[in-house]
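Please read the structure below before turning to the comments.
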Number of protein chains: 2
Amino acid sequence: MASARDRILDAFEELLITEGERAATLDAVAARAGVSKGGLIYHFPSKDQLAHGVCGRLTSLAADDAARMRAAAEGPARFYIRSSRYRGTPLDRAIVAVARLHQGGNTEAVATLRAVEAQWLAILAEALRDDDAAQAIKLMGDGLYYEALFRLPTGSPPLEPDAATDDHELERLFRVIDKIVG
Amino acid sequence: MASARDRILDAFEELLITEGERAATLDAVAARAGVSKGGLIYHFPSKDQLAHGVCGRLTSLAADDAARMRAAAEGPARFYIRSSRYRGTPLDRAIVAVARLHQGGNTEAVATLRAVEAQWLAILAEALRDDDAAQAIKLMGDGLYYEALFRLPTGSPPLEPDAATDDHELERLFRVIDKIVG
DNA sequence: GTCTATATTGTGATAGAC
DNA sequence: GTCTATCACAATATAGAC
């Protein structure tokens, strides 16, 4: 069984993603993690500490992703677009959770997101050797996340799309990308 | 002087945009609008009614924008990308305000945003006669809004960019678009 | 139409037992 | 490490005077 600390962070992320920032109260997090509020407070003395925890997760997961992106056989551009679709991976979840925290006015969340995004743009620009193409592809990836961000929350369906339809959408985006970088 | 009702909606929008959904309390809105909380409640009996007001503004402004987009001399694609940059227009402000409401768990905000975005995508697809290009350009516009959404809030600088630098960025995006639609 | 109370609930956090 | 109280405060909303 995962440590109480990890279960609490998981619960916080899940509530942020599926119920929104406002619903992710200490009471709700404790209940979902299966601990009392006092138990939660022992691990995270304040709500900012809880936010700090998910920001740390995002930073770590994004660093791993950046390494994979640089080394991707299909190239960073396709890798980036492919992974910009929300699939519920730990990285996807961390991004959306931190994005929600940002809405709640958390300042660390803004800085964390900005650092992660700057890293991705830098990798694209370096690989493509074309700042305009990199910027355009970065925007398309942002757009994909934007869509997910506004489809997920507030008790919506779990966003579990058909894989076949979905791969077809991806191929279509790849063809557009080829026009941009070609 | 604007009616009290309009001043209240303006104040609510402004707080949502610059301070975030959590800071846009009835107290804060009343103070910024220059009325008492009781006065506010007379015009908007609940906070949902307040949200309903800004959703209505967005729907109305988006309909006007859609008409201009269809008739734009430069074409809907360039018009859409140009107007996707946050410039603090009434439409820009309404979009960001409703996006913030969405984070707070307001269901009407989701439906309103979705309807508006579907309309824009339909106009692009119809004008370009290329669903893939329309989707890609729509994503780029979403990406531009996503950037604004995460640069604006929580007491950030007013986001008043240099017009010359900015037009240059736009020209570079236009060149990428030409590759996609050409 | 706008105001001043006030009621009620929810939220983050503390204190201290076990 | 985890729990059960409990506090202090902020938020929405109501009641009724002017």
Side-chain angles (χ1 to χ4, degrees), chain A residues 1-55 97-98 100-109 153-155, chain B residues 1-55 97-98 100-109 153-155:
Chain A
M1 177 134 166
S3 72
R5 197 192 137 88
D6 280 336
R7 275 185 296 124
I8 290 167
L9 282 181
D10 288 342
F12 189 40
E13 268 189 2
E14 175 72 15
L15 284 167
L16 285 171
I17 294 168
T18 60
E19 306 287 336
E21 194 269 341
R22 244 179 145 138
T25 65
L26 296 187
D27 277 309
V29 172
R32 176 167 265 270
V35 297
S36 70
K37 208 198 298 200
L40 188 160
I41 290 292
Y42 170 78
H43 291 284
F44 298 95
S46 75
K47 204 173 184 184
D48 274 355
Q49 290 295 311
L50 209 45
H52 181 69
V54 302
C55 286
V98 173
R100 299 256 195 268
L101 282 176
H102 173 238
Q103 310 291 332
N106 185 288
T107 54
E108 185 182 4
T154 336
Chain B
M1 178 134 168
S3 71
R5 196 192 138 90
D6 279 337
R7 274 186 298 126
I8 289 168
L9 282 181
D10 288 342
F12 189 40
E13 267 189 5
E14 174 72 14
L15 284 167
L16 285 170
I17 295 168
T18 60
E19 306 287 336
E21 194 270 341
R22 215 138 178 176
T25 65
L26 297 187
D27 276 312
V29 172
R32 176 168 265 269
V35 297
S36 70
K37 208 198 294 199
L40 187 161
I41 291 292
Y42 170 78
H43 290 285
F44 298 95
S46 76
K47 205 173 184 185
D48 274 355
Q49 289 296 310
L50 210 45
H52 182 68
V54 302
C55 286
V98 172
R100 300 255 195 267
L101 283 175
H102 174 238
Q103 310 290 333
N106 185 289
T107 54
E108 185 182 4
T154 337

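So you know, we letter chains A, B, ... as the sequences are listed, proteins then strands, and number each from 1. Basis for what follows: all heavy atoms, side chains included, without hydrogens, waters or symmetry-related copies.
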- Check B:Val54 against B:Glu13 and note the closest heavy-atom contact, atom names and distance. CG1-CG, 4.0 Å
- Can you see which heavy atom on B:Ala51 is nearest to which on B:Asn106, and at what distance? CB-ND2, 3.2 Å
Listing, residues 23-34 of chain A side-chain donor-acceptor contacts under 3.5 Å, not counting sequence neighbours, or none:
{"from": "A:Thr25", "atom 1": "OG1", "to": "A:Ala28", "atom 2": "N", "distance (Å)": "3.1"}
{"from": "A:Asp27", "atom 1": "OD1", "to": "A:Lys37", "atom 2": "NZ", "distance (Å)": "3.4"}
{"from": "A:Asp27", "atom 1": "OD2", "to": "A:Lys37", "atom 2": "NZ", "distance (Å)": "3.3"}

- Spacing of B:Leu40 atom CG and B:Arg5 atom CZ [to the nearest 0.5 Å]: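 Interatomic distance, B:Leu40 CG to B:Arg5 CZ, rounded to 0.5 Å: 11.0 Å.
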- Considering residues at least two apart in sequence or located in another chain, which fulfil the side-chain contact (heavy atoms from CB on, under 4.5 Å) criterion with A:Ser46?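 Here the qualifying residues are A:Asp48, A:Gln49.
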- Item | chain B footprint on DNA chain D, 5' to 3' - any atom under 4.0 Å from a heavy atom | D:dA11 to D:dT14
- Counting primed atoms, P, OP1 and OP2 as sugar-phosphate and everything else as base, the B/S/- map of nucleotides 7-14 of chain C against protein heavy atoms under 4.0 Å is ----SBBB
- Identify, with sequence neighbours excluded, every residue that meets side-chain hydrogen bond (donor to acceptor under 3.5 Å, both in side chains) alongside A:Arg7. none
- Task: Tell me, please, which residues at least two apart from A:His43 pass side-chain hydrogen bond (donor to acceptor under 3.5 Å, both in side chains).
- Result: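 For A:His43 there are no side-chain hydrogen bond (donor to acceptor under 3.5 Å, both in side chains) partners, ignoring immediate neighbours.
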